J.: 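First the structure, which I've put down as structure tokens, then a few questions once you've had a look.
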Amino acid sequence: MQPAEIAPKDRLIVALDLPGVEAAEAMIARLGDSVTFYKIGYQLAYAGGLPLIGRLADKGKKVFADLKMHDIGNTVARGTESVAKLGATFLTVHAYPQTMKGAVEGRGSAGLKILAVTVLTSYDDDDLHAAGYRLGVSELVEARAQQAQVLGVDGLVCSPEEAGALRKIVGHQMSLVTPGIRPAGSATGDQKRIMTPGRAIAAGADYLVVGRPVVEAADPRAIAESIHAEIAQALG
Ligand code: C5P
């Protein structure tokens, strides 16, 4: 599907960063038909949440399996095959060449799309240097985006601040998925590179991942709907 054809409502991905399946199912029930796309990450996946992927897919919802795989190519390829069978729509891998190559091979012709995580949005230049990298965030993000495109990866996870520059590099062939989204007035938490939903869409993001501002809200459904409205307005 071309990015322009995605409905505003389907561009919000709610991160189910919750302690267990019961809490996740309660949140899914509260959000009802207001949310069509969910993300399952480490916390829920390691607490028995993977079978939720198939259950949500059976209800017509899409699921982003944010498993951020990184291992030798063969292990990533076989793991990716298994995730494709679960019914997920997106799977993340870290943007290392061997890892991305393995994931693209494992995906084969399945409907699953591979997203490469360029640089985690909680990292700034100092964090990268402390981890032994020579490049700063923007240089590393761009280098990894180019490698991802060459290797046939379907999309990128990036901070909204990088979306505009990445769009110029990868064109519209790759989906740009941005966490680090904060509706005006919500707490930043550990995110360092953040943007409001409307500004992130205007900057070129296709999908927005929002966790705590929705799942920790007194009225999660109202927040999700206000994000949809902001997305629709930014799309014009
Ligand atoms: O609660 P918050 O909106 O900050 O959640 C953002 C979600 O996006 C978390 O599940 C986090 O793991 C994920 N994520 C991120 N940065 C990336 C990739 C994923 O924050 N680069």
Side-chain angles (χ1 to χ4, degrees), residues 11-20 23-24 27-28 31 35 37-47 49-50 52-53 62-70 88-96 99-100 103 113-125 127-128 131 133 137-138 140-145 148 153-163 165-166 174-201 203 205-217 220 223-224 226-227 230-231:
R11 293 173 183 265
L12 170 65
I13 303 177
V14 172
L16 290 170
D17 292 333
L18 294 162
M27 182 54 61
I28 293 162
L31 290 166
V35 171
F37 213 148
Y38 287 101
K39 183 172 88 69
I40 294 180
Y42 286 178
Q43 187 183 17
L44 185 55
Y46 292 135
L50 290 179
L52 254 186
I53 297 177
K62 290 184 174 177
V63 184
F64 170 179
D66 191 12
L67 303 179
K68 294 191 177 72
M69 286 190 189
H70 183 41
T89 296
F90 287 158
L91 166 68
T92 38
V93 301
H94 282 286
Y96 289 77
T99 299
M100 294 191 282
K113 303 286 181 207
I114 306 298
L115 304 180
V117 177
T118 51
V119 176
L120 294 169
T121 49
S122 61
Y123 275 53
D124 58 20
D125 288 351
D127 295 310
L128 282 182
Y133 288 86
V137 171
S138 55
L140 189 57
V141 166
E142 289 187 24
R144 288 178 165 179
V153 167
D154 304 293
L156 298 169
V157 179
C158 62
S159 107
E161 285 174 15
E162 287 129 15
L166 286 181
M174 294 179 91
S175 298
L176 297 183
V177 180
T178 62
I181 302 296
R182 289 293 177 269
S186 52
T188 307
D190 56 356
Q191 298 283 14
K192 288 184 180 165
R193 293 176 282 140
I194 57 167
M195 230 181 240
T196 61
R199 285 190 54 220
I201 291 287
D206 296 309
Y207 296 91
L208 310 182
V209 175
V210 187
R212 289 163 287 184
V214 173
V215 302
E216 292 180 0
I223 298 289
S226 73
I227 295 173
E230 207 178 317
I231 292 173

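Both ligands and their constituent atoms are indexed starting at 1 by order of listing. Fair warning: this is a prediction, and the values are worked out from it, not measured in the lab.
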J.: Short list, please: which atoms of ligand 1 are under 4.0 Å from a heavy atom of R212?
T.: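 Every atom of ligand 1 under 4.0 Å from some heavy atom of R212: 1 (O), 2 (P), 3 (O), 4 (O).
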J.: Counting heavy atoms only, which part of L120 comes closer than 4.0 Å to ligand 1: side chain, backbone, both or neither?
T.: both
J.: Does L67 offer a backbone N or O that forms a donor-acceptor pair with the side chain of T92 under 3.5 Å?
T.: yes
J.: State, to 0.1 Å, how close M27 and V215 come at their nearest heavy-atom pair, and which atoms those are.
T.: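 What the structure gives for the nearest pair is CE-O, 3.5 Å.
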J.: Is a side-chain N or O of T178 found less than 3.5 angstrom from the main chain of V209, in a donor-acceptor match?
T.: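 No, because the side chain of T178 does not come within donor-acceptor range (under 3.5 Å) of the backbone of V209.
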J.: Using a 4.0 Å cutoff against the non-hydrogen atoms of K68, which atoms of ligand 1 qualify?
T.: 12 (O), 14 (N), 18 (C), 19 (C)
J.: Measuring only between side-chain heavy atoms, which start at C-beta, is F64 closer than 4.5 Å to V177?
T.: yes
J.: Give a yes or no on whether the ring-centroid distance for Y207 and F90 is below 6.0 angstrom.
T.: yes
J.: Taking the side chain as every heavy atom from C-beta outward, state whether D17 and R212 have any atom pair closer than 4.5 Å.
T.: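 Result no, sub-4.5 Å side-chain heavy-atom pair not found.
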J.: If you count the atoms of ligand 1 from 1 in the order shown, which ones are under 4.0 Å from a heavy atom of R182?
T.: 1 (O), 2 (P), 3 (O), 4 (O)
J.: Taking only heavy atoms of P179, which atoms of ligand 1 are found under 4.0 Å from at least one of them?
T.: 8 (O), 14 (N), 15 (C), 16 (N), 17 (C), 18 (C), 19 (C), 20 (O)
J.: Using a strict 4.0 Å cut-off to heavy atoms of P213, name the atoms of ligand 1 that fall inside it.
T.: 3 (O)
J.: Given E216, Q43, K39, H94, identify the one with the heavy atom nearest to atom 13 (C) of ligand 1.
T.: K39
J.: Say whether, by atom type as modelled, one donor and one acceptor occur between the side chain of D206 and the main chain of L176 under 3.5 angstrom.
T.: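 Yes, because the side chain of D206 sits within donor-acceptor range (under 3.5 Å) of the backbone of L176.
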J.: What are the atoms of ligand 1, with element, lying closer than 4.0 Å to any heavy atom of V209?
T.: 7 (C), 8 (O)
J.: Report the member of T92, L115, D17 with the shortest heavy-atom distance to atom 9 (C) of ligand 1.
T.: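 Selected option, by shortest heavy-atom distance: D17.
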J.: Has ligand 1 got any nitrogen or oxygen that is less than 3.5 angstrom from a nitrogen or oxygen of G211?
T.: yes
J.: Checking M174 against V153 for the side-chain contact (heavy atoms from CB on, under 4.5 Å) test, could you report, in this order, the C-alpha distance in whole Å, the side-chain angles of both residues, the deciding distance, and whether it holds?
T.: CA-CA 8 Å; M174 294 179 91; V153 167; 4.0 Å; yes
J.: Should you measure from each heavy atom of D66, which atoms of ligand 1 turn up under 4.0 Å away?
T.: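 That gives atoms 13 (C), 19 (C) of ligand 1.
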